[in-house]
Amino acid sequence: MDIAKTVTRRTILQAGAVAAVGVSGFVPTRFAIGNTAKVKVGFLLPYTGTYAGLGEAITNAFKLAVEERGGKMGGREIQYVAVDSEANPAKGPENTNKLVTGENVDFLVGPVHSGVALGMVKVVRESGTITVIANAGAGAATGPLCAPNIFRTSFTNWQASYPMGKVAVERGLKNVVTMSWKYAAGEEALAGFEANFTKHGGKVVKQIMVPFPSDEFQANLTEIASLKPDGVFVFFAGAGALKFVKDYAAAGLKSIQLMGSGFLTDGVLKGQGEAAEGVLTTLHYADALDTPENKAFRAAYSKSFGKEADVYAVQGYDAAQLLVQGMAAVKGDTGAKPALIDAMEKAVIKSPRGTFTLSKAHNPVQDFYLRQVKGGQEIVVGVAEKALADPATGCKMG
Ligand code: PHB
């Protein structure tokens, strides 16, 4: 490119803008001046701790989706800024502010942890920053705390666990122990399972909650052995899930059906090895989905990053797809917020999980697959719930 010519043209354009102000009072919009500036995307994700692998997968796949679409959104290049959330809810608002106020990001992507999400949502409801939740399932973010600028490409904790309640009863499991980390995600996941399970005649004989992110499960596993339930339903994810499944098998509990939302095995199945055989889960994704979108995505992801994609990668990929669609509609003008939001609300996302749209509360309406580990592979048994929407209780879009 001829730099001298570019500078001259830009100088002329700027001079024109200044002249226009002088003559007619025309004030160039931020976009008119800055349409060549990079779009700033802030990641608030865990890069350390039990959820580190999840944050990495979301980041990788977001960037992959952008690269596949020419490295731009609405014709503009992208600058990424990342803050390690440490999956620490206490630092949620402060870390969000680092990106929103400190970095003045155009878009915010994250987090993984529901407790961090609750803090983040409070900040972005005030700032109006367009935010795409690429994992955290906290119901409130698309419930009582929903807002026009808050979107989600993942799931609600209720959504991912509710379907298994019916499956458990159908499989003849009547008395079940539930177990999780004691924070919003675990509480909502267990409540979702229990609502559907009891509706179909099942009974939760004991609920066990352990502090996040503890992975000392021994005493609890001993208690489960003594309770002799028909099944155990849990919410664990990341490194904690890897260890739980191994400990469960090592405690000799394999004859008691282990169930969970699919986070129990996604991204950690290889590390769990034999211990994961037979584990039954529900999730809005499965590695083995036989669609052109999923095959192309998985091939591109493993080629770029040297590891297998998982549900977290899918959610990051789709967060980018959602923003790319929104930015295309406004031709990169981040200042055109109502039009940008409108386009995002109407987006149809051709996801590796299957095509989905968003509910009025901005949460995916999507299929939940029943999966079971067989021979070290996650087998898709069927669809447990078709086009399941979160009830979004308490969401009033302002
Ligand atoms: C959450 O905190 O909402 C959460 C974390 C990890 C998961 C799923 C949900 O895999």
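Both counts, for ligands and for their atoms, begin at 1 and track the order of listing.
- Near His113, meaning under 4.0 Å from any of its heavy atoms, are these atoms of ligand 1: 2 (O).
- Considering Thr291, Asp318, Thr153, Asp367 as possible partners of Arg353, the one that fulfils the side chain to side chain donor-acceptor pair (under 3.5 Å) test is Asp318.
- Residue Phe155 has no N or O atom closer than 3.5 Å to an N or O atom of ligand 1.
- Using a 4.0 Å cut-off to heavy atoms of Tyr312, the atoms of ligand 1 that qualify are 10 (O).
- Ser154 and Asn135 are not linked by any side-chain donor-acceptor pair at a separation below 3.5 angstrom, with hydrogens and angles left out of the test.
- Separation of atoms NE2 (His362) and CZ (Phe151) is listed at 4.0 Å; rounding is to 0.5 Å.
- Which parts of ligand 1 touch Ala185 is read off a 4.0 Å heavy-atom cut-off, strictly below it: atoms 1 (C), 2 (O), 3 (O).
- Atom numbering of ligand 1 starts at 1 in the shown order; those under 4.0 Å from a heavy atom of Asn135 are 4 (C), 5 (C), 6 (C), 7 (C), 8 (C), 9 (C).
- When ring centroids are compared, Phe236 and Phe217 come within the 6.0 Å threshold.
- Within the set Val112, Asn157, Val311, the minimum heavy-atom distance to atom 5 (C) of ligand 1 is found for Val112.
- By the 30° and 60° cut-offs, the orientation of the rings of Trp181 relative to Phe212 is perpendicular.
- Under the ring-ring contact (aromatic ring centres under 6.0 Å, His included) rule, Phe155 has a single partner from Tyr285, Phe368, Phe263, which is Phe263.
- In this structure, the separation between CG on Asn60 and OG on Ser304 is 8.5 Å, given to the nearest 0.5 Å.
- The ligand atoms of ligand 1 that sit less than 4.0 angstrom from a heavy atom of Ala136 are 3 (O).
- Proximity of Phe212 to ligand 1, defined as any heavy-atom pair under 4.0 Å, is not found for any part of the residue.
- Atom 3 (O) of ligand 1 has as its closest protein heavy atom Ser114 OG, 2.6 Å.
- Near Tyr183, meaning under 4.0 Å from any of its heavy atoms, are these atoms of ligand 1: 1 (C), 2 (O), 4 (C), 5 (C).
- Ring planes of Tyr80 and Phe62: perpendicular class, angle over 60° (limits at 30 and 60°).
- For ligand 1 and Ala237, the ligand atoms under 4.0 Å from any heavy atom of the residue are 6 (C), 7 (C), 10 (O).
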